[in-house]
Amino acid sequence: MEGFAADPSHPRYASLLMRHRLEVAAKRGMLADSAMIAHGRGEAFDYMLGEQTTPNARHAAQHALVCLEQAARPILSLNGNVTALACDEMLLLADHLNCPLEVNIFYRTPERMEALLSFIEERRQVLDLEVKVLGASPDAMIPGLKGPRAACTREGIFESDVMLVPLEDGDRCQALVNMGKTVIVIDLNPLSRSAQQATITVVDELSRSLNTMLAFAQEERRAVDAYDHQANLKASLAWIADAVNR
Ligand code: PTJ
């Protein structure tokens with residue numbers, strides 16, 4: 001990546017690369033003011049998880065992919081951090097699912113929306129994908145939320161039945177669940193309100209979990225055990241507790 005000099009053999013290479021992506025995105029005006037705080041909290045949890053995909057996170061990601069594949073109207077939602085950290089993976093997943101992406105941000109300004117939409121369009125062209133990108137012209141509101149954070153499109157989020165919304169805020173996650181949707185969250189913090197309230201939570205780093213889904217999408221023979229939300233969250237907490245005790 002342009003301007004990124006770390007050697008891939010560096011033990012913290014992946015972490016440094018993600019930080020660099022956020023720095024680039026911040027310069028382009030894509031991020032919320034609190035984006036780095038959210039990222040730092042995620043990093044702290046990832047450190048305790050050993051910066052690896054746990055068996056239960058893999059299972060949750062595989063189950064999430066199957067739900068998205070079986071959906072009538074799946075949608076993938078991108079905020080500032082998600083666009084900065086894993087735009088390509090989200091585009092590739094949307095292409096696999098043949099569904100749109102929607103830019104839907106919590107701290108919404110016209111300038112940020114423009115910066116995010118133009119970045120995604122650049123990456124879409126580089127990857128040469130047909131994926132439709134929604135969000136520029138919201139025409140619906142998520143019920144139960146006040147202000148610009150409720151704005152969404154009818155064609156995308158509003159009418160969707162299964163929604164992947166990584167790094168989501170707790171209030172909005174609850175509002176989306178209240179709409180009757182299957183809400184899939186990716187969040188390194190198993191104690192966050194979003195992680196608790198979602199239908200499926202992948203407790204893993206964003207790009208790792210998306211790559212788990214993309215790899216699973218290519219597997220020919222697939223069998224996924226039933227998903228138990230509370231057991232999944234407990235397994236993530238147990239993993240962290242074990243790491244702390246060691
Ligand atoms: O772009 P906007 O305006 O929609 O704002 C995006 C942020 C992320 C700033 C906003 O949604 C926010 O403030 O989020 P929170 O409430 O801080 O929650 C973010 C959650 O994501 C936290 O629980 C973090 O642990 C988690 N997280 C952060 N980075 C990652 C992560 N989870 C997985 N992978 C990451 N890379």
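Since we're looking at a predicted model, the values are computed, not measured. First listed ligand is number 1; within each ligand, the first listed atom is number 1. The first residue of the sequence shown is numbered 1, and numbering continues consecutively from there.
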Residue, atom name and distance, where the atom is the protein heavy atom closest to atom 32 (N) of ligand 1: L188 N, 3.1 Å
For H96 and L65, what are the C-alpha separation, side-chain angles and deciding distance, and is it a side chain to side chain contact (heavy atoms under 4.5 Å, CB included)? CA-CA 10 Å; H96 167 72; L65 179 76; 4.2 Å; yes
Distance, nearest 0.5 Å, that separates CZ of R19 from CZ of R12: 7.0 Å
Looking at ligand 1, does any of its N/O atoms fall within less than 3.5 Å of an N/O of D187? yes
Close-contact set for ligand 1 against A38 heavy atoms, below 4.0 Å: 8 (C), 17 (O), 24 (C), 28 (C), 29 (N)
Which residue and heavy atom of the protein sit nearest atom 34 (N) of ligand 1, plus the separation: L206 N, 2.9 Å
How far is atom 11 (O) of ligand 1 from its nearest protein heavy atom, and which residue and atom is that? L167 O, 3.6 Å
Is the shortest heavy-atom distance from the side chain of Q196 to the side chain of L233 under 4.5 Å? yes
Between the side chains of Y13 and D7, is a donor N or O closer than 3.5 angstrom to an acceptor N or O? no
Ion pair R73/D161, N-O distance below 4.0 Å: no
Quick one: nearest non-hydrogen protein atom to atom 36 (N) of ligand 1, plus distance? E205 OE2, 3.4 Å
Using a 4.0 Å heavy-atom threshold (strictly under), name the region of L85 that reaches ligand 1: side chain, backbone, both or neither. side chain
Polar atom proximity, R112 to ligand 1 (N or O, under 3.5 Å): yes
What do you reckon, does D204 put a non-hydrogen atom under 4.0 Å from ligand 1? yes
Check ion pair E159-K181 (N to O, under 4.0 angstrom): no
Heavy atoms only: which of R41, R149, R208, M18 lies closest to atom 17 (O) of ligand 1? R41
Name the closest protein heavy atom to atom 4 (O) of ligand 1, giving the residue it belongs to and the distance to 0.1 Å. F106 N, 2.7 Å
In terms of residue, atom name and distance, what is the protein heavy atom nearest to atom 13 (O) of ligand 1? S34 OG, 4.1 Å
Specify side chain, backbone, both or neither for A32, according to which of its non-hydrogen atoms lie closer than 4.0 Å to ligand 1. side chain
For atom 10 (C) of ligand 1, closest protein heavy-atom neighbour: Y107 CE1, 4.4 Å
Nearest 0.5 Å, please: how far is CD in E23 from CZ in R28? 15.0 Å
If we only count N/O pairs under 3.5 Å, is N81 in contact with ligand 1? no
Report yes or no: do S236 and N56 form a side-chain donor-acceptor pair below 3.5 Å? yes
Ligand 1 versus R108, non-hydrogen atoms closer than 4.0 Å: side chain, backbone, both, neither? neither
Residue pair V133, L117: steps toward the side chain to side chain contact (heavy atoms under 4.5 Å, CB included) verdict: CA-CA 8 Å; V133 182; L117 287 162; 3.8 Å; yes
Do any nitrogen or oxygen atoms of G80 come within less than 3.5 Å of a nitrogen or oxygen of ligand 1? yes
What is the closest protein heavy atom to atom 6 (C) of ligand 1, and at what distance does it sit? N79 ND2, 3.6 Å
Give me the ring orientation class for Y227 and H63: parallel if the planes are under 30° apart, tilted from 30 to 60°, perpendicular past 60°. parallel
Using a 6.0 Å distance limit plus a 45 degree cone around the ring axis, check whether R112 lies over the aromatic ring of Y107. no
